[in-house]
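Remember, it's a predicted structure, so these values are computed and weren't measured experimentally. Values below: every heavy atom of this structure, side chains too, minus hydrogens, waters and symmetry copies. Just so it is clear: chains get the letters A, B, ... in the order the sequence lines come, proteins before strands, and each one is counted from 1.
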Amino acid sequence: MATIFQGLGGAGAAAAAALTKSFNSKKLLLPSSRRSLAERKASSLLVVRSDGSVNLNLGSSNGRARRVDQLITNAVATKADTSSASSASKPGHELLLFEALREGLEEEMDRDPHVCVMGEDVGHLGGSYKVSEGLAEKYGDLRVLDTPIAENSFTGMGIGAAVTGLRPIVEGMNMGFLLLAFNQISNICGMIHYTSGGQFHVPIVIRGPGGVGRQLGAEHSQRLESYFQSIPGIQMVACSTPYNAKGLMKAAIRSENPVILFEHVLLYNLKERIPDEEYICNLEEAEMVRPGEHVTILTYSRMRYHAMQAAKTLVNKGYDPEVIDIRSLKPFDLHMIGNSVKKTHRVLIVEECMRAGGIGASLIAAITENFHDYLDAPVVCLSSQDVPTPYAGTLEEWTIVQPAQIVRAVEQLCQKLQ
Amino acid sequence: MALSHLKSSSSRSNLVKPVAAAFSLRRLISTSTDPITIETSVPFATHRCDPPSRTVETNPQELLSFFRVMATMRRMEIAADSLYKAKLIRGFCHLYDGQEAVAVGMEAAITKKDSIITAYRDHCTFLGRGGTLLEVFSELMGRQGGCSKGKGGSMHFYKKDSGFYGGHGIVGAQVPLGCGLAFAHKYNKDDAVAFALYGDGAANQGQLFEALNISALWDLPVILVCENNHYGMGTAEWRAAKSPAYYKRGDYVPGLKVDGMDAFAVKQACKFAKEHALKSGPIILEMDTYRYHGHSMSDPGSTYRTRDEISGVRQERDPIERIRKLIFAHDLATEKELKDIEKEVRKQVDEAIAEAKESPMPEPSELFTNVYVKGLGVEAYGADRKEVRAVLP
């Protein structure tokens with residue numbers, strides 16, 4: 001069987017150069033990675049926050065930081081002079097979430113020949129959710145590897161490859177299967193940078209779909225973010241839209257730290273228009289979905305959509321909720337969360353993991369410890385019920401948080417206003 | 001003048017005795033690379049492969065260096081024993097004395113480009129890979145000068161620049177990592193191999209067979225080395241493994257059983273295994289070896305085996321004694337000279353311990369360093385981050 005193998009060397013770099021896209025530098029809203037290292041080091045650190053404010057932090061050259069006026073952070077910038085815009089009514093291109101993940105993956109594999117993918121059915125089948133479709137034909141069997149069904153060992157092998165300098169992406173066909181690799185993820189992936197005194201680091205990305213799907217049963221509806229959150233040394237992010245899926249995938253691959261990227265089984269077919277030019281999302285930053293005044297709703301992954309649906313009802317009832325997609329599950333973006341709490345004084349957490357020891361539980365602790373003075377009411381946390389996810393459709397519906405519950409909780413929190 | 005006489009090997013033994021007192025001649029011999037051939041004591045047992053030759057080529061320089069390194073390892077482990085009893089080393093301390101031949105023989109067959117990964121009985125392997133006594137003792141005592149800055153301890157020795165990947169506490173977890181190292185060698189096309197060492201206790205771990213399956217499928221240049229010291233913690237091998245023929249348990253993967261107390265047999269086997277792995281994928285080596293100490297310092301080692309057994313092995317199969325006999329048989333040094341080397345080694349170990357005791361404890365700020373890599377500006381301040389800085393690569 002003929003395989004196209006692109007190992008290290010010129011092939012990867014040439015392909016990377018070919019992919020460089022042109023864009024209007026006047027509308028530079030997000031830093032581009034295509035600039036050379038020298039240029040980037042000389043230029044400033046541009047931090048664009050999701051709420052639109054921009055910090056232009058001049059790095060090591062001089063310590064002045066100046067505040068730039070509000071920039072439009074809508075990355076779909078209007079470009080009047082590019083020919084590609086003439087054919088489409090809006091710039092950017094529309095795709096589904098799994099395609100966005102694949103785009104991010106492909107761009108990173110082109111850019112860096114050290115990036116490789118390993119997982120079950122990722123190669124010839126293209127991934128059970130088609131995230132790696134077409135990549136095996138393009139990059140060959142040594143860069144897109146079909147593994148046997150042995151999560152413990154292939155995660156261990158990915159970590160072993162990562163300590164030598166390769167950048168593997170390990171896919172769990174369902175995040176729940178990665179419980180079998182817990183020892184490798186916790187004890188080695190998270191800890192070897194520390195126990196080796198800094199000699200080794202693990203630039204690995206562990207990703208896969210999790211969350212409650214459509215009647216998949218208890219063992220295939222697991223939310224592992226709560227199990228992994230205590231492991232020191234790893235970062236966890238959860239994507240929720242095609243835009244942040246691609247951005248987080250790219251950032252995770254480029255990160256020198258081990259990153260666990262949580263996707264959701266039911267979000268793979270979300271459609272959105274994303275920019276043509278290259279962009280990355282900050283791994284440690286939360287995303288402001290809907291600014292508001294009355295209550296802060298903190299959520300992530302699929303519950304973002306339930307929260308937004310509830311927000312529509314709430315707006316009709318006269319409330320003004322602020323919805324923040326926390327995205328970064330470890331560490332929390334307490335900067336954005338704190339500013340929101342200071343503004344609204346009420347917090348509601350809406351999450352899909354279970355109440356006991358979940359992400360919400362840690363978030364409540366963090367908010368109460370740090371922002372207690374700003375809270376007018378106790379933090380309310382809506383999580384899934386602490387039960388194995390049942391198969392029956394109605395029971396499964398009651399296991400997770402539904403928009404009506406979110407509306408009721410906000411009403412209770414804000415009853416002083418009415 | 002003396003050197004030309006050395007070159008004619010037939011008359012060498014006659015020449016050496018009269019000038020035994022000449023100190024300078026000894027130094028010439030100890031650096032001489034004249035070939036000496038040695039037969040391994042025990043034939044290799046094989047599974048699905050042909051055995052390598054029992055005849056091993058070596059030279060006086062190598063023989064004496066083996067002696068010196070093994071004596072250093074032995075003395076280091078015994079010193080660690082005393083330090084543990086003096087409560088300067090805490091926690092777990094797994095000692096390697098008795099098994100030195102495996103570390104030394106393996107090093108002689110490979111280069112620093114090849115990777116080695118092992119479990120927690122790693123002090124001597126670390127030394128063999130180029131670590132210093134000072135780094136060892138500092139790390140054992142939790143000081144800044146340790147190889148992992150005092151943050152790893154006995155079970156977490158690493159040396160990145162010479163391809164030593166540790167140092168792992170969980171039994172068997174290092175084997176998939178070792179296969180990952182081999183994958184990286186294959187990916188980078190650097191003609192190097194990975195040695196993944198494990199014990200007879202870890203040989204019953206499922207992840208080993210999973211990793212072996214993947215390695216055989218993908219033709220990875222990995223060599224799985226089972227250091228069979230016949231006891232997995234406190235359980236004898238016949239009570240833990242239905243089939244204690246560990247070299248055969250790879251089934252479709254070839255295997256070789258080696259006398260692990262014979263450094264030259266180990267060297268020959270590792271050379272053979274490296275050639276095999278580069279050509280046709282994984283191979284299993286079983287090293288028949290023995291540890292004099294218990295599993296760790298909290299285990300006396302005599303509740304599950306008899307003292308007679310331990311002293312019997314020490315009498316008959318001790319690796320350092322074997323090298324000593326070989327040195328005498330080839331007239332490479334007198335007994336006094338070997339004793340001098342041992343005294344020198346003892347002095348080096350004592351000096352290293354004294355220097356390690358001077359090394360300071362890590363700074364409190366070190367608690368928070370090396371949790372994350374600073375590549376993306378991520379720092380672990382705890383939950384309240386006052387500022388988010390994004391440094392995109």
Side-chain angles (χ1 to χ4, degrees), chain A residues 7-8 31 33 40 45 47 49 57 59 116 142 145 147-148 150 152-166 183-184 187-188 192-201 203 232-233 235 251 254-257 280 282-285 331-336 338 365-366 369-370, chain B residues 115 117 146-153 155-156 158-160 165-170 173-189 194 206-211 213-214 217-218 369-376 378 380 383-393:
Chain A
L8 296 177
S33 63
R40 269 178 269 133
L45 302 169
V47 178
R49 307 204 55 87
N57 239 328
C116 51
L142 204 59
L145 301 140
T147 62
N152 195 356
S153 50
F154 73 69
T155 311
M157 285 177 67
I159 297 168
V163 292
T164 66
L166 292 189
N183 174 54
Q184 299 286 351
N187 288 336
I188 299 169
I192 199 172
H193 186 60
Y194 194 83
T195 56
S196 69
Q199 284 180 70
F200 294 114
H201 63 279
Q235 279 186 256
R254 294 189 196 184
S255 168
E256 300 298 321
N257 294 305
I280 300 184
N282 187 342
L283 281 179
E284 297 90 17
E285 203 178 38
F332 293 132
D333 181 5
L334 283 183
H335 182 83
M336 183 181 288
E369 273 169 0
N370 292 296
Chain B
S115 320
I117 190 170
C147 51
S148 302
K149 299 188 196 161
K151 299 203 278 194
M155 297 188 283
H156 298 286
Y158 302 90
K159 197 157 170 54
K160 182 172 188 181
Y165 290 86
H168 295 277
I170 304 293
Q174 76 277 12
V175 179
L177 284 175
C179 297
L181 298 175
F183 172 72
H185 283 308
K186 179 166 182 164
Y187 196 96
N188 291 325
K189 295 181 179 165
Q207 50 189 323
L208 198 150
F209 296 96
E210 292 178 19
N213 178 40
I214 300 181
L217 268 176
W218 295 349
T369 59
N370 302 131
V371 180
Y372 292 104
V373 178
K374 282 191 179 184
L376 276 186
V378 179
D384 67 316
R385 314 177 111 236
K386 299 273 193 290
E387 194 186 337
V388 173
R389 304 170 93 234
V391 182
L392 299 176

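Using cut-offs of 30° and 60° on the angle between ring planes, the pair Tyr165(B) and Phe200(A) is parallel.
A donor-acceptor pair under 3.5 Å links the side-chain atoms of Gln199(A) to the main chain of Cys147(B), judged by distance alone. In this structure, the side chain of Lys151(B) does not engage the main chain of Tyr194(A) through any donor-acceptor pair within 3.5 Å. In this structure, the side chain of Asn370(B) does not engage the main chain of His193(A) through any donor-acceptor pair within 3.5 Å. Side-chain atoms of Glu210(B) come within 3.5 Å of backbone N or O of Ser153(A) as a donor-acceptor pair.
Residue Ile159(A) touches chain B through both its backbone and its side chain, counting heavy-atom pairs closer than 4.5 Å. For chain A, no part of Ile117(B) is nearby; none of its heavy atoms comes within less than 4.5 Å. Using a 4.5 Å cut-off between heavy atoms, Asn152(A) contacts chain B through both its backbone and its side chain. Contact annotation for Thr369(B): only backbone heavy atoms (N, CA, C, O) come within less than 4.5 Å of a heavy atom of chain A. For chain A, no part of His185(B) is nearby; none of its heavy atoms comes within less than 4.5 Å.
Residues Gln184(A) and Leu177(B) are in side-chain contact: their nearest non-hydrogen atoms beyond the backbone lie under 4.5 Å apart. For the pair Trp218(B)/Leu142(A), no side-chain contact is recorded, criterion being any heavy-atom separation below 4.5 Å from C-beta on. A 4.5 Å side-chain heavy-atom check between Leu145(A) and Phe183(B) finds at least one atom pair inside the cut-off. Here the side chains of Thr147(A) and Leu217(B) are not in contact, with every heavy-atom distance at 4.5 Å or above. Side-chain atoms of Val163(A) and Leu181(B), non-hydrogen and from C-beta on, do get closer than 4.5 Å to each other.
With rounding to the nearest 0.5 Å, the separation of NE2 in His156(B) from CD1 in Ile188(A) is 9.0 Å. Atoms CD1 and CG, on Ile170(B) and Asn187(A) in that order, are 4.5 Å from each other to the nearest 0.5 Å.
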### Audit row: Val371(B), Asn257(A), side chain to side chain contact (heavy atoms under 4.5 Å, CB included) steps and yes/no
CA-CA 9 Å; Val371(B) 180; Asn257(A) 294 305; over 6 Å; no

Determine, stepwise, if the pair Thr164(A) / Tyr187(B) fulfils side chain to side chain contact (heavy atoms under 4.5 Å, CB included).
CA-CA 11 Å; Thr164(A) 66; Tyr187(B) 196 96; over 6 Å; no

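Among the candidates Ala161(A), Gly233(A), Gly338(A), Ala150(A), the residue making the largest number of heavy-atom pairs closer than 4.5 Å to chain B is Gly233(A). Of the listed residues (Pro232(A), Cys116(A), Gly158(A)), the one with the most heavy-atom contacts under 4.5 Å to chain B is Cys116(A). Of all the listed residues (Gly169(B), Ala173(B), Gly152(B), Gly166(B)), the one sharing the greatest number of non-hydrogen pairs under 4.5 Å with chain A is Ala173(B).
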